[in-house]
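Atom set for the values below is all heavy atoms of this structure, side chains included, hydrogens, waters and symmetry mates excluded.
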Amino acid sequence: MSSSVDLRTVYAFAREFHSKGPNIGKMLYGTAGFRTLHDKLEFIAFRMGILATLRSRTFSGQAIGVMITASHNPECDNGVKIIDPKGEMLEMSWEGIATDLVNVSDDKLESEVAKIIAQQKVDMNAQSNVFIGMDTRYHSPAMGRAVVNGVRALKGNLRDYGILTTPMLHYLVFSHNVKGAYGTPTEAGYVAKLVTAFKKLRGEKLENGNYKNFLLFDGANGVGSLKMFEFNRQLAGTLQCQVFNANGKINHNCGADYVKTSQRPPTGLPEHEPNTRCVSVDGDADRVVYFFIDSNGTFHLLDGDRIATLIADYLMDLVQKCGISLKLGIVQTAYANGASTDYIVDQLKIDVACAQTGVKHLHHKALEYDIGVYFEANGHGTVIFSEKTKAKLSVALNSTATSEERREALNKLLLTIDLINETVGDAISDMLLVETILHTKGWDLSDWLATYDDLPNLQQKVKVQDRNIFETTDAERICVKPEGLQDKINEIVKKYKRGRSFVRPSGTEDVVRVYAEAENADDVQLLAAEVSILVYEMANGVGERPMIPHQKL
Ligand code: 16G
Ligand code: MG
């Protein structure tokens with residue numbers, strides 16, 4: 001088929017503006033796209049502009065998103081990832097295509113693009129729409145320009161939204177493609193959708209029982225803080241949320257990842273009363289954790305596992321009041337604290353599944369339920385409702401046989417659905433949902449904390465010569481390679497009361513991660529150390545032992 005697009009432009013742009021340059025090793029489209037030091041990424045951003053344009057053409061011009069962010073990583077890093085038409089992560093088969101496109105030299109770029117067009121049967125005369133968003137890193141605009149050039153090289157259309165949270169871009173892509181059925185496809189439409197649902201759910205009464213209408217919001221010096229200022233304007237008179245960490249170095253000693261991994265409050269936390277609700281998001285605002293400092297000065301964390309249990313419990317109650325039979329389940333990863341899993345099974349009596357690390361795996365698993373609640377322990381997660389579920393709720397609401405009481409529950413559940421960003425984990429939407437639930441229950445954070453006691457746990461990184469020799473199965477809970485390692489781990493674990501440990505190669509760093517939990521803090525130190533040394537020796541040979549850096553989870 002003849003087309004008006006001359007592929008020589010691709011090479012011309014690359015050579016002129018976005019040359020790959022020498023000494024770039026193999027890059028992989030990983031768990032969350034390409035992510036590395038920012039000065040290595042511009043050529044990748046250019047090529048992802050090309051890829052997104054081609055992908056959009058395979059969907060007859062439906063919008064594809066390109067997000068520029070390195071999320072919770074330090075400021076020097078950046079990253080680029082693609083968002084598919086339904087607001088989901090890039091389909092797995094295209095991750096390989098993206099990897100190949102990035103790893104060819106500049107002079108092979110034109111032929112690689114031609115290959116993708118042929119293999120994927122891309123109609124180059126079809127419409128193409130690429131939506132671009134970026135975080136607040138100072139090098140993100142340069143990356144954005146590179147994406148724009150990639151789109152231009154293939155004569156695609158684009159909308160550059162500038163600074164956005166990652167979940168906002170997911171929302172914009174999806175709501176545009178479903179012609180506004182999910183909400184108005186603008187930034188203002190996104191804020192209005194969430195705020196309207198939040199206000200309706202909250203009603204007139206701002207405080208309830210132990211729930212106080214005030215919280216402190218750690219914006220990680222990233223996009224979340226900027227967007228929260230806009231939310232605050234719309235929330236005026238409802239939720240009092242004081243933003244801090246709004247204009248320093250992104251993620252530096254603050255934000256959800258710092259708070260979760262170091263188990264301490266972020267720097268920059270303003271003076272406050274003991275037991276004040278505090279919330280931390282990460283640099284691109286797709287993760288959230290809660291914490292508070294009690295009257296003894298002790299720090300307490302409420303992580304993704306807690307958020308999942310709180311939400312699932314609340315939804316289960318609403319579903320029962322709606323009088324509709326729906327299968328609700330929680331999806332966790334192997335990192336979920338064993339105590340949270342026990343609580344879900346024994347107390348909440350809700351179905352629980354385990355998926356591989358990485359949001360796309362949890363999301364995929366959650367689709368198996370009518371209502372799927374998924375969260376990583378690090379605070380990344382959301383809830384998804386099947387189309388069948390939404391239809392059942394609407395039918396019940398519109399039936400004259402439905403009682404007033406059931407109608408009220410149905411309305412509440414539908415509003416809750418509106419408050420949730422189903423496309424991906426969204427720190428601000430998740431926070432507004434948690435606020436709604438705590439308000440409904442009349443809880444402060446210590447009430448929430450009292451639902452179960454976390455088992456002491458530890459995560460360590462082990463540097464090995466080649467992390468690719470490690471292979472896992474059963475949602476990463478069992479290590480099948482190197483052979484014999486799992487048996488030895490099992491032997492060690494047996495010695496510790498309520499002991500559990502697993503090892504997996506990191507998808508984002510050149511290390512093997514070791515997770516351990518046990519009944520008491522001393523045991524967990526020993527268990528983690530024993531397994532880490534075992535991993536080191538199996539991978540590197542017996543010799544001088546490493547200094548193993550460790551982090552409390
Ligand atoms: C990425 C994932 C995050 C996961 C982390 C694991 C997305 C959007 N992000 O940041 O969910 O927890 O990788 O990192 O999927 P690791 O493989 O280095 O442990
Ligand atoms: Mg993030």
Side-chain angles (χ1 to χ4, degrees), residues 30-33 35 38 67-81 83 89 133-137 140 163-171 215-229 231 241 243-269 278-291 301-308 333 335 357-360 362 374-382 421 423-434 459 506-509 551 553:
T31 335
R35 197 179 288 180
H38 74 91
M67 183 70 199
I68 293 157
T69 182
S71 184
H72 57 280
N73 284 34
E75 187 185 53
C76 56
D77 286 352
N78 214 326
V80 52
K81 63 181 167 194
I83 299 166
M89 305 282 177
M134 65 181 73
D135 70 15
T136 49
R137 286 175 164 82
S140 290
I163 294 172
L164 287 180
T165 69
T166 298
M168 275 173 145
L169 186 59
H170 283 258
Y171 166 89
L215 86 158
L216 286 163
F217 181 99
D218 162 21
N221 296 320
V223 197
S225 48
L226 280 186
K227 300 302 172 188
M228 203 54 217
F229 288 129
F231 267 92
C241 175
V243 179
F244 66 101
N245 288 336
N247 52 14
K249 210 173 186 177
I250 195 167
N251 301 318
H252 185 63
N253 294 339
C254 63
D257 193 56
Y258 174 83
V259 171
K260 166 80 180 155
T261 53
S262 66
Q263 292 245 359
R264 60 170 75 117
T267 52
L269 182 63
C278 303
V279 68
S280 276
V281 306
D282 72 336
D284 63 333
D286 59 1
R287 284 189 195 183
V288 62
V289 294
Y290 272 75
F291 67 91
L301 175 74
L302 297 111
D303 63 5
D305 300 340
R306 295 263 174 198
I307 298 175
T333 69
Y335 288 108
T357 303
V359 174
K360 62 188 170 206
L362 286 103
Y374 71 84
F375 268 87
E376 290 190 314
N378 62 27
H380 196 150
T382 188
N421 186 345
T423 60
V424 78
D426 181 329
I428 296 178
S429 152
D430 288 340
M431 178 193 88
L432 293 175
L433 178 58
V434 169
Q459 198 188 145
S506 158
T508 63
E509 270 184 78
Q551 307 162 329
L553 267 188

| task | Go through the steps for Leu362 and His380 under the test side chain to side chain contact (heavy atoms under 4.5 Å, CB included), then give the verdict. | result | CA-CA 10 Å; Leu362 286 103; His380 196 150; over 6 Å; no
| request: Check whether any side-chain heavy atom of His170 sits under 4.5 Å from a side-chain heavy atom of Asp426, and report yes or no. | output: no
| said: Give me the atom names and distance for the closest heavy-atom approach of Val289 to Asp303. | reply: CG1-CA, 4.0 Å
| Once you round to the nearest 0.5 Å, how far does SG of Cys278 lie from CG of Leu302? | 10.5 Å
| Val279 vs Val288, side chain to side chain contact (heavy atoms under 4.5 Å, CB included): CA-CA, chis, key distance, verdict | CA-CA 7 Å; Val279 68; Val288 62; 3.3 Å; yes
| task | Output yes when a side-chain donor or acceptor of Asp284 lies under 3.5 Å from a complementary backbone atom of Asp135, and no otherwise. | result | no
| task | Locate the shortest heavy-atom distance separating Cys254 from Asn245; write the atom from each residue and the value. | result | CB-ND2, 3.2 Å
| task | Supply the atom-to-atom distance Ile163 CD1 to Leu226 CG, rounded to the nearest 0.5 angstrom. | result | 6.0 Å
| said: Tell me the closest heavy-atom pair linking Asp282 and Ser71, and the distance in Å. | reply: OD2-OG, 2.9 Å
| task | Specify the closest pair of heavy atoms between Pro266 and Val259, including all atoms of both residues, with the distance to one decimal. | result | CD-CG2, 3.7 Å
| field | Lys81 NZ to Thr31 OG1 distance, which is reported to the nearest 0.5 Å | value | 10.0 Å
| What are the two closest non-hydrogen atoms of Phe217 and Gly224, and how far apart are they? | CE2-O, 3.8 Å
| task | Drop me the distance from Ser429's OG to Tyr171's OH, to the nearest 0.5 angstrom. | result | 11.5 Å
| task | Report the C-alpha separation of Arg137 and His38 in whole Å, then their side-chain angles, then the decisive distance to 0.1 Å, and conclude whether the side chain to side chain contact (heavy atoms under 4.5 Å, CB included) test is met. | result | CA-CA 10 Å; Arg137 286 175 164 82; His38 74 91; over 6 Å; no
| field | Approximate separation, where rounding is to 0.5 Å, of Asn251 CG and Asp257 CG | value | 7.5 Å
| query | Just checking, any donor-acceptor pair under 3.5 angstrom between side chains of Ser140 and Asn78? | reply | yes
| said: I need the minimum non-hydrogen distance between Pro167 and Asp286, along with the two atoms involved. | reply: CD-CB, 3.8 Å
| said: Taking Asp77 first and then Arg35, would you say they form a salt bridge - that is, a charged N and a carboxylate O separated by under 4.0 Å? | reply: no
| said: Measuring only between side-chain heavy atoms, which start at C-beta, is Met228 closer than 4.5 Å to Met431? | reply: yes
| query | Does Asn378 reach the side chain of Tyr335, with side-chain heavy atoms less than 4.5 Å apart? | reply | no
| query | Quick one: does Leu269's side chain get under 4.5 Å of Leu216's, heavy atoms only? | reply | yes
| said: Nearest 0.5 Å, please: how far is CG in Asn221 from CZ in Phe244? | reply: 10.0 Å
| field | Side-chain donor or acceptor of Thr382 paired with backbone N/O of Asn421 under 3.5 Å | value | yes
| Between Met89 and Val424, does a side chain to side chain contact (heavy atoms under 4.5 Å, CB included) hold up when you go through it step by step? | CA-CA 9 Å; Met89 305 282 177; Val424 78; 3.9 Å; yes
| message | Main chain of Gly381, side chain of Glu376: is a donor-acceptor contact present, judged purely on distance under 3.5 Å? | response | no
| message | With a 4.5 Å cut-off on side-chain heavy atoms, are Lys227 and Met168 touching? | response | yes
| Mind checking whether Ser280 and Tyr258 have side chains closer than 4.5 Å, heavy atoms only? | no
